[in-house]
Amino acid sequence: MNLPIRQYFRLLSTYLRPQRGKVIFLTLCLFTGIAMQLVAPQVVRQFIDQAQQGSPAAALSRIAFLFLGVTLVSQIVHILSAYLTENVKWQATNLLRNDLADHTLHLDMAFHNENTPGTMIERIDGDITELSNFFSQFILKIMGNALLLTGVLVLLYQEDWRVGVVFTVFALVMMLSLGLTVSLGVRFWEGQREALSEQFGFIEEVLGGTEDIRANGGVPYVMNQMRRHIYQVFLATRKAFLVGNLTWGSSNVFFGISGALALGLGFYLYSQGQATLGTIYLLLHYSNTLQRPLEQLARQLQDLQAATASINRIQELFDIRPKVQEHPAAIPLPGGPQAVSFQGVTFSYEADKPILRDLSFHLPAGKVMGLLGRTGSGKTTITRLLFRFHDPDQGAVCLNERDLRQVKLEDLRQAVGMVTQEVQLFQASVRDNLTFFDPSVPDEKIIEAMEILGLGEWFRSMPDGLDTKLAAGGRGLSAGEAQLLAFTRVFLKDPGLIIMDEASSRLDPVTEQLIERAIDRLLHNRTAIIVAHRLATVQRADDILILDEGEVLEYGDRVALLADPDSRFSELLRTGMEQVLV
Ligand code: ATP
Ligand code: MG
């Protein structure tokens, strides 16, 4: 069996250390429970034998009360361990969930492009749920059951060495055969988890696109796919359970054998006059007790199959390192307007398919650049490089003459503000939506920003002011309001460079005016790169860059380009921008 023991211990020690006290108490409870299991039949044996010998009722009732006491302690310990177990396992797994979520949030965009949110949910929550037993009970149960097993065997030897030998051999044979069947299962459990995460990925995708799917008549196809996924999960689970139950079935056979052994041996000893009726009871009870640790050990091993599969997948995820990492000696990036330069940047998402080719331009601090180009020419890609969601394959992207790979990531994210085509709003209060859940931003500042950007009137119509809850995805807001909210958000962040991937949706003239004024305020004293779709936006640019298949077709001062009748830009304006700007 190839079990990554070191990984188990690392996980256990990392996530159980914070609750050391509880784990120790849980251990005590489990061990007391085991002791009670060993003691109880001894008491009953005493009772049977003494009753047979005609002991006085007082002595018998003392034993009966003792038995009652043992049972009571057993129950209390049982309840306590159940409570502690739940506690320990939830705390440990939640810590792990936290760490894993934190880790994945720091992974590259490339990773998130490949892994749908549904898959991530299953990997972060589902896989870890499989580990709950592993954290709370695994080691304890293994230890406890080994102890119980040893205890029972020792007590059996005490009764008669022959009985001891027979049951020792029996236990060994049973353990070996269970161990063999258990190792078969790991692979199948891994397959089951894989199928599950694919199913969740699919569901997430479908739910995200419900409208499109319905509008385009894709429902039957989706249902078909859904059935296929469910069937795959079914097949994988059935396989895993069948193999798991092989272990189970074989241990059941052993149980039958052990009962027969106890009765046979007991009867033999009794007929030889070497045992009392009480001893026969004791043997039968211990052979039963013996089954429990063996069965539990088998069950723990079965859980271990599932846990190992999950641990492997979790470890895999932890081992993925972001390609974009902060330089160990990262330098700070001063705030204020940023000068942007691309120096011979070549970049591709997939090998051998360059999206940007030897791209160079320099935008001085405080200037506004209009970025034009056909769809798919690489405009959004440029903005992603500026955020360092990806690093260029060749060349360098610089802010204020500093290579982005050299600067602190935190400074970079602070220095660049983005207004995307689609505004992401959370199901949270207006305040949290604007400050990104940063409670340190004072209310007056938020309200002032909204006034400046033309949201004042909208804000005053909110029933609960800043505490008004917005719906997820910005439902109930007009496209213009959503845009203005996005502006306010960036305004509050106060970055030195603003990237605006302009919404191509048409707005009514009044809203358009509002937006124009807001952009004026937003861009004041900042550098900006605007992926422009509207003539009005193009006209506010100082510089124009026309991109074509990842290369600079033309770059220059807007007024100069306009004055030159041979420039691509003036040609564009003459023939109509629509071809390029949509
Ligand atoms: P649009 O005007 O439609 O927004 P764009 O100029 O912003 O287009 P980009 O989004 O930069 O274009 O895409 C440029 C090219 O890169 C496209 O061919 C696109 O297919 C490809 N591309 C974009 N994102 C990815 C990605 N995450 N993985 C692989 N290829 C991508
Ligand atoms: Mg784009």
Side-chain angles (χ1 to χ4, degrees), residues 104-120 201 204-205 208-209 212 320 322-324 340 342 344-361 363 368-395 397 404 416-424 479 482-483 486 490 497-507 519 528-538 541 543-555 568-569 572 575-582:
T104 42
L105 280 178
H106 285 94
L107 290 179
D108 294 317
M109 291 316 285
F111 172 86
H112 291 287
N113 286 339
E114 276 167 27
N115 293 274
T116 62
T119 317
M120 292 317 299
E204 181 273 331
E205 203 176 279
D212 284 343
I320 299 175
K323 275 192 228 105
V324 172
V340 181
F342 271 57
V345 169
T346 298
F347 172 76
S348 50
Y349 290 103
E350 292 148 32
D352 303 328
K353 249 181 72 189
I355 301 294
L356 301 180
R357 277 176 264 202
D358 196 17
L359 188 81
S360 298
F361 68 85
L363 178 67
V368 175
M369 180 176 99
L371 187 52
L372 311 183
R374 282 202 194 84
T375 176
S377 55
K379 303 180 297 287
T380 303
T381 306
I382 289 184
T383 66
R384 289 188 189 135
L385 289 185
L386 276 166
F387 254 107
R388 229 189 137 205
F389 284 150
H390 308 273
D391 280 334
D393 302 332
Q394 283 165 32
V397 180
L404 293 191
V416 187
M418 171 94 105
V419 183
T420 48
Q421 284 176 330
E422 277 173 35
V423 185
Q424 283 282 342
Q483 275 287 314
V490 175
L497 167 66
I498 287 188
I499 297 169
M500 205 182 290
D501 211 340
E502 202 179 44
S504 45
S505 53
R506 299 268 173 262
L507 300 167
I519 295 181
I529 295 181
I530 305 184
V531 180
H533 292 281
R534 296 176 305 138
L535 194 58
T537 328
V538 176
D543 288 359
I544 293 290
L545 191 156
I546 303 178
L547 201 62
D548 186 36
E549 303 206 349
E551 291 180 80
V552 179
L553 193 63
E554 188 166 85
Y555 181 57
R568 281 288 292 162
F569 184 58
L572 271 177
T575 56
M577 306 219 325
E578 282 70 24
Q579 293 173 35
V580 171
L581 297 183
V582 284

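As the structure lists them, so they are numbered: ligands from 1, and atoms in each ligand from 1. This structure is a prediction, so every number in the text was calculated from the model and none was measured.
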Is [X] touching ligand 1 with its side chain, its backbone, both, or neither, if touching means heavy atoms under 4.0 Å apart?
{"X": "N113", "value": "side chain"}
{"X": "T381", "value": "both"}
{"X": "R384", "value": "side chain"}

(Q) Are Y555 and M369 packed together at the side-chain level, in the sense that at least one heavy-atom pair is separated by less than 4.5 angstrom? (A) yes

Q. If we only count heavy atoms from C-beta on, is the L107 to T104 side-chain gap below 4.5 Å?
A. yes

Q: Heavy-atom contacts with I355 under 4.0 Å: which atoms of ligand 1 show up? List them by number with element.
A: 14 (C), 15 (C), 16 (O), 21 (C)

Q.
Taking N, O or S atoms only and a limit of 2.8 Å, check whether T375 reaches the Mg ion (ligand 2).
A. no

Q | Ring geometry between F342 and F361 (parallel below 30°, tilted from 30 to 60°, perpendicular above 60°) | A | parallel

Q: Give me the ring orientation class for F387 and F389: parallel if the planes are under 30° apart, tilted from 30 to 60°, perpendicular past 60°.
A: parallel

Q. For atom 6 (O) of ligand 1, which candidate among E114, H112, K379 provides the closest heavy atom?
A. K379

(Q) Quick check on H112: does its NE2 atom have over 12 non-hydrogen neighbours (other residues, nucleotides or ligands) under 6.0 Å away? (A) yes

Q. Purely on distance, is any nitrogen or oxygen of E350 under 3.5 Å from one on ligand 1?
A. no

(Q) I'd like to know whether ligand 1 has G376 as a neighbour, heavy-atom separation below 4.0 Å. (A) yes

Q | K379 bridged to D501 by N-O distance under 4.0 Å | A | no

